[in-house]
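Below is one structure; the comments refer to it alone.
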Amino acid sequence: MTSQRLTFPKQLHIKSGAEFRAIYDRQCKAADQRLLMFGLANGRAKTRCGLSVSKKHGCAVQRNRLKRLLREAFRLTQHELPAGLDLILIPIKEVGTQAEYQTSVRGLAKRLAKKLLSPTDVESGSPKT
RNA sequence: UGAGUGGGCCGAAUGGUCGCUGUGCGUUUCGCAUGGAGGAAAGUCCGGGCUCCGCAGGGCAGGGUGGUCGGUAACGCCGACCGGCCGCGAGGUCAGGGAAAGUGCAACAGAAAACAAACCGCCACGCGGAGUGUGCUGAGUUCGCUCAGAGGCUUCCGCGAGGUAAGGGUGAAACGGUGAGGUAAGAGCUCACCAGCAGCCGAGGUGACUCGGCUGGCUUGGUAAACCCCACCCGGAGCAAGGCCAAGCAGAAGGAAACCGAGUUCGCUCGGUACGAACCGGCCCGGUUCGUUCAAGCCUUCGGGUAGGCUGCAUGAGGUGUCCGGGCAACCGGCAUCCCAGAUAAAUGACCGUUCUCGACAAAACCCGGCUUAUAGGCCCGCUCAGCAU
RNA sequence: GCCAUCAUAGCUCAGUCGGUAGAGCGACGCUUUCGUAAAGCGUAGGUCCUCGGUUCAAGUCCGAGUGAUGGCC
């Protein structure tokens with residue numbers, strides 16, 4: 001906790017298809033006007049992040065720009081987020097600014113942390129009913 | 001100055017802070033240095049390299065290309081030249097071999113759509129009818145003429161059997177054009193000139209082809225991005241190719257075809273022929289491997305498991321040069337110099353400034369050579385035409 | 001990244017060898033019925049995905065582009 005450095009190395013990327021599938025299967029999500037966020041408790045000290053940008057958002061240049069903006073938003077806000085989560089960020093429709101994405105990431109991650117890290121929800125666990 | 005035409009180039013710049021990624025060095029939870037998308041990275045339309053299919057063979061089929069000569073690793077690309085068409089011109093454009101090898105096709109319209117034929121028309125002939133006037137013959141006569149007959153003339157109509165392709169209209173396209181002669185009417189029927197075709201000869205050119213001369217028949221249509229013929233080219237798949245490591249699971253059903261000789265430690269081995277299966281993109285030839293007692297193996301069908309890491313992977317048909325030599329050019333050779341992205345849920349961003357003409361299309365994924373398509377704005381060069389001035 | 005396939009009426013699809021594009025369902029109108037459905041009769045509806053080229057003529061042949069779908073160890 002000594003380092004408040006704002007790095008985003010590859011250890012904090014979610015990469016494999018199995019990890020993505022596990023997070024989607026948990027079906028714990030939150031959204032606002034700009035972002036859709038899936039989450040899952042990973043039992044680690046740090047919070048990790050994955051991105052999903054579909055072809056609906058335009059050509060390769062536009063998709064790359066969206067991914068960079070989202071990656072930057074996560075990097076700059078990572079120490080304000082609750083620890084021990086795996087998050088997937090999916091943009092919705094229009095391209096926002098860096099400040100807007102940062103506030104979205106903060107708010108959505110807190111909402112997911114309430115659902116995932118409270119002991120009652122851990123007990124029940126089932127998404128049904 | 002205006003209009004146009006051909007070609008080349010650039011594709012915001014710069015500073016700070018926090019980050020991402022390759023390499024190198026120090027040292028290892030980090031720090032420093034340095035490199036970090038494009039002219040199209042795109043579409044995947046061609047051509048190669050590379051890898052595997054054991055070898056990459058012959059014929060057929062299939063596909064592609066199509067003026068000539070060069071360039072190239074190769075090309076459907078590029079250059080120069082030739083020819084057709086467009087443009088006053090600079091220039092542009094052309095899948096630009098063959099339709100007098102063969103087959104097919106052409107709706108509608110039109111008489112007729114490819115080999116000559118003939119609807120209207122024009123023309124002479126025969127027959128019939130209508131008309132006509134003069135002369136002839138005969139009869140009658142009121143001497144004015146009237147009637148009949150044969151023959152004639154000209155115009156029209158109909159029928160018959162022909163001649164003709166000048167003219168007409170249709171169509172995208174109608175079987176050379178103009179003039180004269182000729183004829184019953186006409187026609188390359190004949191002649192002159194022109195256009196075009198074929199053959200031969202001469203000159204120039206590596207060649208496509210060009211120029212000139214002679215002869216011939218008098219004239220041959222379009223479509224091959226329809227089949228086809230000719231010439232040349234092409235084995236298939238693709239870096240999710242392929243190689244190595246780790247992890248993991250569960251197997252089941254079915255399948256074909258033998259004899260001979262030699263050796264033998266009687267387990268088999270070797271050779272020959274035959275057969276079977278699989279493979280060599282499709283078929284045939286030809287070939288390769290395995291097998292022909294059971295089992296194993298191989299093949300087919302169904303089922304199951306894993307989709308992690310390393311490599312391939314970046315020094316190359318490489319870039320640059322008021323360089324040298326060859327070539328009209330594309331390009332080739334030499335010399336010097338440089339190393340210039342290498343990710344793998346996938347690296348260039350965010351924030352704060354300054355300046356400007358306020359920033360288009362758009363981002364590598366094995367690598368090259370092209371083509372095509374997208375592209376705000378700006379710069380440079382060659383050439384043409386018109387106007388004005390000198 | 002690589003390799004294939006498709007695009008025709010509101011929907012599902014035909015369309016051979018180039019010659020003015022159809023079928024079924026649907027829509028609308030009429031007949032029938034007290035009314036509806038069914039049935040019968042009729043009508044409209046097409047940039048043949050887009051742009052070039054070949055041809056007298058292109059949905060069809062050729063080239064380029066756009067969009068959609070499927071496959072790969």
Side-chain angles (χ1 to χ4, degrees):
Chain A
M1 292 301 120
T2 54
S3 64
Q4 278 292 98
R5 297 168 47 81
L6 299 171
T7 61
F8 187 38
K10 283 187 180 172
Q11 293 81 32
L12 298 183
H13 289 221
I14 297 170
K15 291 183 187 177
S16 71
E19 287 171 320
F20 270 84
R21 224 172 294 120
I23 296 165
Y24 284 132
D25 286 347
R26 181 65 180 79
Q27 291 198 343
C28 180
K29 56 193 174 188
D32 62 8
Q33 291 146 353
R34 285 176 292 276
L35 277 182
L36 172 63
M37 184 184 275
F38 282 80
L40 178 67
N42 61 0
R44 293 165 191 250
K46 294 193 174 178
T47 290
R48 303 190 299 168
C49 174
L51 303 171
S52 176
V53 181
S54 77
K55 274 199 171 173
K56 274 185 284 183
H57 294 91
C59 62
V61 171
Q62 289 163 345
R63 279 181 274 134
N64 274 344
R65 166 141 185 90
L66 263 176
K67 287 202 260 182
R68 284 172 187 145
L69 282 170
L70 293 177
R71 218 179 284 130
E72 190 71 10
F74 177 81
R75 183 179 73 83
L76 293 172
T77 60
Q78 57 180 315
H79 294 297
E80 307 166 34
L81 305 180
L85 287 177
D86 278 353
L87 304 174
I88 296 177
L89 307 184
I90 301 169
I92 299 172
K93 289 193 173 178
E94 301 156 15
V95 179
T97 64
Q98 182 60 36
E100 287 171 350
Y101 279 128
Q102 287 189 27
T103 55
S104 291
V105 169
R106 275 194 213 99
L108 294 173
K110 276 173 192 165
R111 278 160 59 185
L112 284 177
K114 266 186 199 170
K115 288 188 190 176
L116 289 167
L117 299 179
S118 64
T120 56
D121 198 9
V122 170
E123 285 292 325
S124 64
S126 63
K128 285 291 171 186
T129 67

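Naming: A, B, ... by sequence-line order, numbering from 1 per chain. In what follows, every heavy atom counts, from backbone to side chain, and hydrogens, waters and symmetry copies are set aside. Source: prediction; values computed, not measured.
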Nearest whole Å is fine: how far is [N] [atom2] from [X] [atom1]?
X	N	atom1	atom2	value
A/Lys56	C/rA68	NZ	P	12 Å
A/Asn64	B/rU348	CG	P	8 Å
A/Arg63	B/rA364	CZ	P	9 Å
A/Lys46	B/rU29	NZ	P	14 Å

[X] side chain: which of [options] is closest?
X	options	answer
A/Leu6	B/rC18, B/rA363, B/rA345	B/rC18
A/Cys59	B/rA350, B/rA363, B/rA346	B/rA363
A/Pro9	B/rC20, B/rC18, B/rA346	B/rC20
A/Leu76	B/rA37, B/rA350, B/rA346	B/rA350

Looking at A/Arg71, I'd like to know whether one of its side-chain N or O atoms comes within less than 4.0 Å of OP1 or OP2 on B/rA346. yes
C1' gap between B/rC50 and B/rU311, integer Å: 15 Å
d(A/Leu87 CG, A/Asn42 CG) to nearest 0.5 Å is 9.0 Å
Categorize A/Glu72 for me: base, sugar-phosphate, or nothing, with a 4.0 angstrom heavy-atom threshold over every strand shown. base
Stacking of A/Phe8 on B/rG19 base (centres under 5.5 Å, planes under 30°): no
Indicate, yes or no, whether a donor-acceptor pair under 3.5 Å links the base of B/rC20 to the side chain of A/Arg68. no
Polar side chain donor-acceptor pair, A/Glu80 to A/Thr77, under 3.5 angstrom: no
Smallest separation among heavy atoms of A/Leu70 and A/Pro91, with atom names: CD1-CD, 4.0 Å
Is there side-chain contact between A/Arg34 and A/Thr103, with heavy atoms separated by less than 4.5 Å? yes
